Amino acid sequence: MTTAWEAAVEAQIRSAQERGELDNLPGAGKPIPGRDTPYDEGWWIRSFMEREQIPSDLLLPTPLQLRRRIEQLPVELRDLPTEEAVRSYVAALNTEVVAWLRTPTGPRVVVRPVNVEEAVRGWRADRERAAPVVTTPEPARAASARPRRRWRWWRR
């Protein structure tokens, strides 16, 4: 048994089909994407994040975001040009950590401020490892040495 609104919708679909408005629609004759996969309640948020290219880290609770930022700190500091920039970056991160520690929300995760001096030491060590190695040039060839003669097949 159909209700009145179902009958009205079916009538509108039938009349649109008769007028040919549903012919040549994009995707006609193609399978519906994701039809064979099991139902996922969060499909809409996943598709939105893929379409808008939003990183999945933004869905994490604050303590996990802070912990991940602390874990990735050496990679973030590697590109900073000066020690002052490193110190200010770590200070800003520590400000966020302390603000969360004052009013914790979300799951109970151990998050502690970063030691600025250790971060600077690690930054210096990374820079020393990444510094180009200076090599001494090869000694110049003696003037009396003759250049090697290259024989080609047509000179035989």
Side-chain angles (χ1 to χ4, degrees), residues 5-6 9 13 16 21-22 24-156:
W5 66 270
E6 288 175 338
V9 169
I13 292 172
E21 293 177 3
L22 301 180
N24 301 324
L25 291 175
K30 297 179 184 173
I32 298 172
R35 183 166 184 235
D36 297 332
T37 59
Y39 180 72
D40 180 21
E41 292 179 2
W43 67 269
W44 60 274
I45 190 71
R46 289 191 213 326
S47 63
F48 174 77
M49 291 177 67
E50 286 175 14
R51 185 179 64 241
E52 300 297 323
Q53 298 176 351
I54 298 173
S56 60
D57 292 353
L58 295 179
L59 296 178
L60 292 174
T62 303
L64 294 177
Q65 285 181 6
L66 290 171
R67 193 171 198 176
R68 183 166 285 177
R69 286 182 58 198
I70 291 170
E71 289 171 358
Q72 296 174 348
L73 191 63
V75 175
E76 295 293 325
L77 296 180
R78 193 174 299 143
D79 297 332
L80 296 178
T82 63
E83 184 177 323
E84 183 180 320
V86 171
R87 288 181 185 279
S88 65
Y89 187 89
V90 174
L93 179 60
N94 283 342
T95 302
E96 292 180 40
V97 169
V98 169
W100 180 79
L101 288 172
R102 286 186 181 145
T103 57
T105 58
R108 294 181 187 260
V109 177
V110 177
V111 180
R112 293 190 179 104
V114 179
N115 185 337
V116 178
E117 296 306 320
E118 286 181 18
V120 170
R121 262 184 262 138
W123 174 78
R124 283 184 189 146
D126 281 346
R127 289 184 66 91
E128 288 173 6
R129 269 186 257 128
V133 178
V134 178
T135 59
T136 56
E138 291 184 18
R141 223 191 253 184
S144 63
R146 278 186 17 200
R148 290 181 69 190
R149 190 171 201 176
R150 294 186 183 170
W151 291 97
R152 295 193 173 77
W153 62 271
W154 64 83
R155 289 190 179 175
R156 290 186 189 187

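The model shown is predicted, which means the values in this text are computed figures rather than measured ones.
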ask   = What's the shortest heavy-atom distance between V111 and L101, and which atoms?
value = O-CD2, 3.6 Å
inquiry  = Pair E50, R46 - check salt bridge (Lys or Arg N to Asp or Glu O under 4.0 Å), show working.
reply    = CA-CA 6 Å; E50 286 175 14; R46 289 191 213 326; over 6 Å; no
ask   = Would one find more than 12 heavy atoms of other residues, nucleotides or ligands at under 6.0 Å from atom CD of E52?
value = yes
key: Contacts of D79 that satisfy side chain to side chain donor-acceptor pair (under 3.5 Å) - sequence neighbours left out   = none
ask   = Between P107 and W100, which heavy-atom pair has the shortest distance, and what is it?
value = O-CZ2, 4.2 Å
query = Atom CG in L22, atom CD1 in I13: separation rounded to 0.5 Å?
reply = 8.0 Å
request  = Considering non-hydrogen atoms only, spot the tightest contact between T105 and P63 and give its length.
outcome  = O-CD, 3.6 Å
message = Taking E128 first and then R124, would you say they form a salt bridge - that is, a charged N and a carboxylate O separated by under 4.0 Å?
response = no
query = Between W123 (side chain) and L80 (backbone), is there a donor-acceptor pair under 3.5 Å?
reply = yes
ask   = Got a sec: does the CG of L25 have more than 12 other heavy atoms crowding it under 6.0 Å?
value = yes
remark   = Heavy-atom closest pair (P113 atom, V98 atom, distance to 0.1 Å) is CG-CG2, 4.2 Å
Any residue meeting side chain to side chain donor-acceptor pair (under 3.5 Å) with W44, in chain and number order, not counting sequence neighbours = none
Donor-acceptor list for residues 68-78 side chains, cut-off 3.5 Å, not counting sequence neighbours:
from	atom 1	to	atom 2	distance (Å)
R68	NH1	D57	OD1	2.4
R69	NH1	E96	OE1	2.6
R69	NH1	E96	OE2	3.2

query = How about D40: does its CG atom have over 12 heavy atoms from other parts shown lying under 6.0 Å from it?
reply = yes
task = Locate the shortest heavy-atom distance separating A85 from S88; write the atom from each residue and the value.
result = O-OG, 2.9 Å
note = Test side chain to side chain contact (heavy atoms under 4.5 Å, CB included), reference L60, set T62, L64, L58, output is L64
ask   = Where do A119 and V90 come nearest, in terms of heavy atoms and distance?
value = CB-CG2, 3.8 Å
request  = Could you tell me whether the side chain of E118 reaches within less than 4.5 Å of the side chain of R121, counting heavy atoms only?
outcome  = yes
